[in-house]
Amino acid sequence: MKKVLLALDGEHFPKGAFELAAEWHLKEPLLLTGVFISPVDVSKIITYTGLEAVPMMPSVVEGQYARQIARNIQTFEEKCMHAGLEYRIHNDVESMPIASLVEETRFADLV
């Protein structure tokens, strides 16, 4: 069994990449690990009111990302079950998502 790592930014679900993994699974069983990384976008943290920039509360931003990631995790799980794929989920909401992604790639055959 091969381990394939699919990194997702939480805002978008890569349908093409998932379909490719599902196709490979038909030829040889694989373990698909979805790594859901909280996106960090400074432009979404700052709002503009009139002439001044006002930083949004981090909890508001985190809440928006958490909902997006939860929707993508649900989509990922449903698609994996429908395709008969064995899967794992790694939900990274830490402040250093790239470090966790690098750690997760240590035992992956394909990223």
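The analysis underlying the following values was restricted to heavy atoms, covering all of them including side chains, and did not include hydrogens, waters or symmetry mates. As the structure is a computational prediction, the values presented were derived from the model and not from experiment.
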Determine all donor-acceptor pairs shorter than 3.5 Å in which one atom belongs to a side chain in residues 76-84; sequence neighbours excluded.
unit_1, atom_1, unit_2, atom_2, d
Glu78, OE2, Gln74, NE2, 3.2

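Rounded to the nearest 0.5 Å, atoms NE2 (His90) and OG1 (Thr33) are 10.0 Å apart. Between the NZ atom in Lys3 and the CG atom in Asp109 there is a gap of 9.0 Å [rounded to 0.5 Å]. Atom OG1 of Thr105 is separated from atom CG of Leu110 by 11.5 Å, given to the nearest 0.5 angstrom. Atom CD of Gln68 and atom CD1 of Ile73 lie 12.0 Å apart (nearest 0.5 Å).
Every residue two or more places apart in sequence or in another chain was checked for a side chain to side chain donor-acceptor pair (under 3.5 Å) with Glu23, and none qualifies. Partners of Ala17 by side chain to side chain contact (heavy atoms under 4.5 Å, CB included), not counting sequence neighbours, listed by chain and number: Leu6, Pro14.
Under the 4.5 Å side-chain heavy-atom criterion for Ile, Leu, Val, Met, Phe, Trp and Tyr, Leu20 and Leu26 are members of distinct hydrophobic clusters.
Counting heavy atoms from C-beta on, the side chains of Phe18 and Leu8 never come closer than 4.5 Å.
Smallest separation of non-hydrogen atoms from Leu30 and Ala21: CD2-O, 3.6 Å. Here the closest non-hydrogen pair linking Asn72 and Phe13 is OD1-CB, 3.7 Å.
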